[in-house]
Participant: 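The structure under discussion is supplied below as structure tokens; questions concerning it will follow.
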Amino acid sequence: MPEDKQGIALLKDTRVFLVDDHKYFQQFMKNMLQQFGIASFTAASTVEEAKRICSRHQFDLYLVDYNLGSGENGRQFIHYLHRFNCLPPDSLVFMVTGDASRAMVLSAIEEEPDDYLIKPFSMQQFRQRLDRSLLRHNALRDVYQAQREHRHQDVIRLCHEGISKMSPYSMDLRLMLSEASIKTGDCLQAKSILEEGLSFRESAWYRLELGKVCFQLEDYEEALENLALAQDKKPFMMEIYRLRCAIYTKTGKYEEADRTISDAVTMSPQSSALLNMQFDLATAQRNYLKMRDCIASLMELHRFETDRLADLLSCYVHTAILFAIQSGERYHLDMLPKNIHSTTRRFVPLLAAGNTDFSQEIFESAVQARIDITTGNPFKGKKSIYKLLDSISDSVPSVPESIFSNITAGLEQLGDYEYAQSLLKQRSEKQETDPMLRTTLELFTSDDSNKKRREKYHASNRSGIQAYKDGNYQLALQHFEEALHKSPTNTFAIINKAQSLLKLIQGDSGGSQKKENYITSCRSALNSLSGLPLNDEFQARVKDIEDNLAEQEALRYRKKK
């Protein structure tokens, strides 16, 4: 059957879904499709409306405009379709856009649509592109299905059959054959397949895949050679830059990796994948400023995806604080409130409007507490965090991770390690945490200075507890004071210190003036906890010390009289 007749046959009964915010374009496409004999046509003007429709219906052809005015864009909608498996196995996705800029096109193809169209286009242009995609998809249907079902041996068999029959899609088949060979652990076979393809024709796609295979084989020099040849033919193929960056990172050439990924981001600034890779590279180098800036760019891209935005905003706070601390410069500490507040003012209203689980008041209070802790007001920050914990005490397991992470990070900054750990134990291990959020939060515990401080604190506190158990309260006091030297606001250590002082006050040893000093120190320790909404365990211990100290104070008063 001639190709144009095959295309007509394939179009029969096609269900088309268009997402475009212009009514006139919706009508234009409806009229065009009717001329092709397509009667099943559905349209939506926003991503929100499109999601509702796709939750109830499936289609054969998705035509998605990139720029949809306010709200999420077409690229984000296609990402949503893939993420939540909303696309039927045999469907096609076309990206449609009126913006032919390089940045837009590179961003559009990141979601791997079957094709993309630049407005305006003629009926003939659209028909040719549609027929071409339908024919290709139909010819490779069995291979695609085997890929989706992870039947790698069937993929290999079907690809060999197609190549032997001189399929017009032999290059696609070789690429899929190579990919399946890699997945079965036969990288040498994959390399042979690609080299055979190159013997017939030079191709940037073959070179790129050969670069991937050489990377798997740890032949980094040959991988870079193939990527260079691929880039000569297709200089804007972003996968080349991502793989080169991975090779440089693997071989410890971080400057080359930085340059490579920065060049790629400059060419495709709307690429979420590239920004994520840049963030990972900055994380490996502990470059908190670059991490913060990557997150700021990602927030702009995901500003209407409220779940993702909440996590990103918390990541921004974490990295901004880490940068200010790491810099050691007063200027950056002084600028921290301005930097964080300007960012939260921009994005928090979007979250409050679109995320029912997000509490603007709690989030902003947690962030302000962390700013206070970082900029030299730890006791003020501690009081704020304890008040927040008191307000959410019955709902810790269900508090959004974006808020919970700021509370636990604040406790880590304070050195309230035991309290932070007790909260983490209340959270389900099954709760999903955004990988970027988990990474930025873990930096507070893995940072060398924090890690050393925590280790020294725990060593002193353990020694103090052991000395207390042995009845050596003077030595216990000494160790608890050492622990507080490392973490001055640690509630656990403050109570331990007060308890040791109480034992020394109650003992027979020591002169009158010394006991007076112990009473003053014990009262001072308890006063530092005044006004804090402590948990039940801490409250019980503090009350016991308070009661016993009051008795000792009364006794001292009577003796003086």
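Just so it is clear, the values below take in all heavy atoms, side chains as well, and ignore hydrogens, waters and symmetry mates.
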Participant: Check whether more than 12 heavy atoms from other residues, nucleotides or ligands sit under 6.0 Å from atom CD of Glu48, and answer yes or no.
Facilitator: no

Participant: If you draw the axis of the six-membered ring of Phe77, does the NZ or CZ of Lys51 fall within 45° of it and under 6.0 Å from the ring centre?
Facilitator: no

Participant: Can you list the residues that meet the salt bridge (Lys or Arg N to Asp or Glu O under 4.0 Å) rule with Glu149, with sequence neighbours excluded?
Facilitator: Arg151

Participant: Side chain of Arg346, backbone of Ser342: donor and acceptor closer than 3.5 Å?
Facilitator: no

Participant: Where does the angle between the aromatic ring planes of Tyr419 and Tyr386 fall among parallel (under 30°), tilted (30 to 60°) and perpendicular (over 60°)?
Facilitator: perpendicular

Participant: Taking all non-hydrogen atoms of both residues into account, name the closest pair between Arg453 and Leu414 and its distance.
Facilitator: NH2-C, 4.3 Å

Participant: Taking atom OH as the centre, does Tyr116 end up with more than 12 heavy-atom neighbours from other residues, nucleotides or ligands that are less than 6.0 angstrom away?
Facilitator: no

Participant: Of all residues at least two apart in sequence or in a different chain, which pass the salt bridge (Lys or Arg N to Asp or Glu O under 4.0 Å) check with Lys383?
Facilitator: none

Participant: Decide if atom CZ of Arg83 counts as having more than 12 heavy atoms of other residues, nucleotides or ligands within a radius under 6.0 Å.
Facilitator: no

Participant: Tell me whether the rings of Phe59 and Tyr62 are parallel (<30°), tilted (30 to 60°) or perpendicular (>60°).
Facilitator: perpendicular

Participant: Give a yes or no on whether Lys380 atom NZ has more than 12 heavy-atom contacts from other residues, nucleotides or ligands under 6.0 Å away.
Facilitator: no

Participant: Take atom NE2 of His485 as the centre, draw a 6.0 Å sphere, and report whether it contains more than 12 heavy atoms from other residues, nucleotides or ligands.
Facilitator: no

Participant: Before we go on, tell me: are the rings of Tyr254 and Tyr248 under 6.0 Å apart, centre to centre?
Facilitator: no

Participant: Determine yes or no for a side-chain-to-main-chain donor-acceptor pair under 3.5 angstrom, with His57 supplying the side chain and Ile53 the backbone.
Facilitator: no

Participant: Listed by chain and number, what are the side-chain contact (heavy atoms from CB on, under 4.5 Å) partners of Arg136, not counting sequence neighbours?
Facilitator: Leu140, Tyr144, Tyr169, Asp172

Participant: Sub-3.5 Å donor-acceptor pair from the side chain of Ser178 to the main-chain atoms of Arg174, do we have one?
Facilitator: no

